[in-house]
K.L.:
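Okay, here's the structure, questions in a sec.
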Amino acid sequence: KALLMSAIISMLVVVASPFVARQLFGVQLNATRTFLGADYSRYVVSLPKLAIAATILIAFLPLTDSLLNNNLPTAENRKIHRLFKPTLICWLIVVLTISTVSARMVDFDANRKCDIEFCARMKDWKRIIKIADQKQPTDVISMAYINLALAKTNSLGDKMFSYAQIGPSGLIPDFELYGDLSIALCEIYYHLGGINFSERFAYEAAKSNPDYQERARAVKRLAETSIIKENYPLARKYLAMLCNTTFYVKWARKSLMRIDSGRTNENAEWARERSIQITDDCYYAEKNKDILLYRLFATNPNNRLAFEYLMAYCLLNKDLEQFMQYANLGGRFYGAVYPRAFREAAVFHLRMKNEKTLSYINDF
């Protein structure tokens, strides 16, 4: 009786808690769906069947185990029985069921996408390339991270067409009010030196979360862009927020110490981004990203990443005329031997033009 009463009370607590929280915090939710945990802070369209099955299984397993242990005949003197105890049978059923259901329901492409995004977050560029070599993702965000990884390893011009490109959007996606896309754009522009644009998309990512929480990753990037722009009061605000997180508290405290001591240039990444950022006003044109990329390169002619993105954008946009206008600017990076994709594009263009410029082709 005590066990039954405890079970009933526990069930009442589980069911009543969301309704009590709704009354206390005033969150307007659909009353018929309030007891679902995901609806505490998100508007859920549907609940996965696997989540329902797991919930039932959690309550069902202890009961099954108890019934089997108490009611089935025991034969402890037999070795076979030791291998097939009721508890062991229950867990074998669980393992087999979860394995079968997972194999059918797990979205391995989505897991691969999350793996690539995590590697970009940790700046593990070689790991991203390794994942793409095993099986190339086809979504825009993953393709953008793959191209960024190639550029960061100085192999964009040589290996970009080793992967099935999906056009300019696979290099720099067009912006949509979507959290993961905002984070990807924030990451790309940060490494290109477009600190203002990185800050804009980090802010979009921080504020567009549907659970009314600000993404710690986006807030971290906002703190970094503020430090790079030497807007230290704003940086302190974001770092104070990160001091209340689990995974960024050490980084935030260390960054605050650097600001207090005036040693922000000791961070090689911040120093690099500060030296290549655009310092004057620049208009962001969604359909003319080549103008922005050229502006990034013109601001600092040593910005190899911006130059390679500019060349790759022209190729993916199938604009060989503009590609040839910028081609000669890469001599400082490549010397006499340009990357493979750039050489092939130049030779193809010159042959299509039927120009007798053999010496120019040899330079490439």
Side-chain angles (χ1 to χ4, degrees), residues 112-176 178-202 204-205 217-218 220-221 224-225 228 268-270 272-273 276-278 284 286 289-290 292-297 300 302-317 330 333 339-342:
R112 192 177 298 106
K113 177 181 175 181
C114 292
D115 196 4
I116 290 175
E117 186 170 357
F118 176 76
C119 291
R121 179 180 187 173
M122 304 304 295
K123 300 180 178 61
D124 190 354
W125 310 116
K126 293 182 179 179
R127 171 66 179 166
I128 294 177
I129 296 174
K130 184 178 180 180
I131 294 172
D133 288 339
Q134 293 173 353
K135 184 177 180 181
Q136 180 188 338
T138 56
D139 61 285
V140 172
I141 296 177
S142 296
M143 199 64 232
Y145 281 134
I146 291 171
N147 285 324
L148 179 60
L150 292 173
K152 294 294 289 186
T153 55
N154 295 329
S155 56
L156 181 64
D158 287 317
K159 298 181 179 180
M160 61 181 294
F161 289 112
S162 299
Y163 307 94
Q165 296 290 338
I166 55 177
S169 60
L171 190 68
I172 304 178
D174 294 332
F175 172 68
E176 295 178 5
Y178 173 54
D180 292 339
L181 187 57
S182 300
I183 284 289
L185 288 169
C186 163
E187 199 76 34
I188 292 169
Y189 283 117
Y190 177 79
H191 292 286
L192 285 173
I195 302 303
N196 287 335
F197 305 110
S198 178
E199 184 178 42
R200 171 202 168 184
F201 291 116
E204 292 282 359
R217 180 183 177 184
K220 176 178 180 288
R221 181 50 49 82
E224 288 178 317
T225 55
I228 292 169
E269 183 178 290
W270 295 347
R272 174 190 175 274
E273 299 298 335
I276 65 175
Q277 67 172 326
I278 299 177
Y284 179 81
E286 188 72 41
K289 297 186 182 71
D290 54 317
L292 173 60
L293 291 172
Y294 178 76
R295 189 69 173 274
L296 287 167
F297 174 68
N300 190 327
N302 293 321
N303 191 345
R304 174 172 176 166
L305 199 70
F307 176 76
E308 290 193 342
Y309 258 71
L310 174 62
M311 300 287 279
Y313 185 86
C314 293
L315 290 181
L316 295 175
N317 204 32
F333 306 120
R340 176 180 175 180
F342 300 164

K.L.:
Tell me, do I172 and L292 make a side-chain contact under 4.5 Å, heavy atoms counted?
P.N.:
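Counting from C-beta outward, I172 and L292 never come under 4.5 Å.
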
K.L.:
Between S198 and C186, what is the shortest heavy-atom contact and its length?
P.N.:
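Heavy-atom minimum between the residues: OG-O, 2.9 Å.
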
K.L.:
Does some side-chain heavy atom of I278 sit less than 4.5 Å from a side-chain heavy atom of L296?
P.N.:
yes

K.L.:
Just say parallel, tilted or perpendicular for the rings of F197 and Y189, cut-offs at 30° and 60°.
P.N.:
tilted

K.L.:
I'd like to check the ring-ring contact (aromatic ring centres under 6.0 Å, His included) partners of Y309; sequence neighbours left out, ordered by chain and number.
P.N.:
none

K.L.:
If you measure from CG on N303 to CG on L192, what distance do you get to the nearest 0.5 Å?
P.N.:
7.0 Å

K.L.:
Between I129 and T153, does the side-chain contact (heavy atoms from CB on, under 4.5 Å) criterion hold? Intermediate values first, please.
P.N.:
CA-CA 10 Å; I129 296 174; T153 55; 3.6 Å; yes

K.L.:
Could you check whether E187 pairs with R221 (Lys NZ or Arg NE/NH1/NH2 to Asp/Glu carboxylate O, under 4.0 Å)?
P.N.:
yes

K.L.:
Report the distance from atom CD1 of I141 to atom CG of L181, rounding to the nearest 0.5 Å.
P.N.:
5.0 Å

K.L.:
Quick one: list whatever passes side chain to side chain donor-acceptor pair (under 3.5 Å) with E117, sequence neighbours left out.
P.N.:
R217

K.L.:
CD1 of I146 to CG of L171: how many Å apart, nearest 0.5 Å?
P.N.:
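CG of L171 is found 12.0 Å from CD1 of I146.
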
K.L.:
Give a yes or no on whether the backbone of M160 and the side-chain of Q165 come within a donor-acceptor separation of less than 3.5 Å.
P.N.:
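Confirmed, Q165 side chain pairs with M160 backbone.
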
K.L.:
Looking only at non-hydrogen atoms, find the nearest pair between L293 and A306 and report the distance.
P.N.:
O-CB, 4.2 Å

K.L.:
Compare every heavy atom of Q277 with every heavy atom of I228, then report the nearest pair and how far apart it is.
P.N.:
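Closest approach of I228 to Q277, heavy atoms only: O-NE2, 3.7 Å.
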
K.L.:
So which atom in P137 and which in I116 form the shortest heavy-atom distance, rounded to 0.1 Å?
P.N.:
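Result for this residue pair: CG-CD1, 3.4 Å.
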
K.L.:
Taking salt bridge (Lys or Arg N to Asp or Glu O under 4.0 Å) as the definition, give me every residue that meets it alongside R340, ordered by chain and number, with sequence neighbours left out.
P.N.:
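Listed in chain order: E344.
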
K.L.:
Quick check for you: to the nearest 0.5 Å, what is the distance between L305 atom CG and L148 atom CG?
P.N.:
6.5 Å

K.L.:
What are the two closest heavy atoms between G167 and L316, and how far apart are they?
P.N.:
O-CD1, 3.7 Å

K.L.:
Working to the nearest 0.5 angstrom, can you tell me the gap between K113 NZ and I131 CD1?
P.N.:
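The CD1 atom of I131 is 14.0 Å from NZ of K113, to the nearest 0.5 Å.
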
K.L.:
At their closest point, which heavy atom of G157 faces which heavy atom of F342, and how far apart are they?
P.N.:
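Shortest heavy-atom separation between G157 and F342 comes out as CA-CZ, 4.0 Å.
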
K.L.:
Excluding sequence neighbours, so at least two apart, what forms side chain to side chain donor-acceptor pair (under 3.5 Å) with Y190?
P.N.:
E269

K.L.:
Without swapping roles, check the side chain of N147 against the backbone of G170 for a donor-acceptor pair under 3.5 Å.
P.N.:
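The answer is yes, because a donor-acceptor pair under 3.5 Å joins these two groups.
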
K.L.:
What do you reckon, is NZ of K130 surrounded by more than 12 foreign heavy atoms closer than 6.0 Å?
P.N.:
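At most 12 heavy atoms, drawn from other residues, nucleotides or ligands, come within 6.0 Å of this atom.
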
K.L.:
Which pairs with one or both residues in residues 147-165 pass salt bridge (Lys or Arg N to Asp or Glu O under 4.0 Å), sequence neighbours excluded?
P.N.:
none

K.L.:
One pair to check against side-chain contact (heavy atoms from CB on, under 4.5 Å): R304 and N154. What are the steps and the verdict?
P.N.:
CA-CA 9 Å; R304 174 172 176 166; N154 295 329; 3.8 Å; yes

K.L.:
Are the side chains of D133 and Y163 in touch, meaning some heavy atoms are under 4.5 Å apart?
P.N.:
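Counting from C-beta outward, D133 and Y163 do come under 4.5 Å.
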
K.L.:
Going by the angle between their ring planes, with limits at 30° and 60°, are F201 and F175 parallel, tilted or perpendicular?
P.N.:
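The arrangement is tilted - the two ring planes meet at 30° to 60°.
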
K.L.:
Taking only residues two or more places apart in sequence, or in another chain, which ones meet D115 in a side chain to side chain donor-acceptor pair (under 3.5 Å)?
P.N.:
R127

K.L.:
So, taking the atom named CD1 in I188 and the one named OH in Y145, what distance separates them when rounded to the nearest 0.5 Å?
P.N.:
7.0 Å

K.L.:
Can you confirm whether I183 sits close enough to R121 that some side-chain heavy atom of one is under 4.5 Å from a side-chain heavy atom of the other?
P.N.:
no

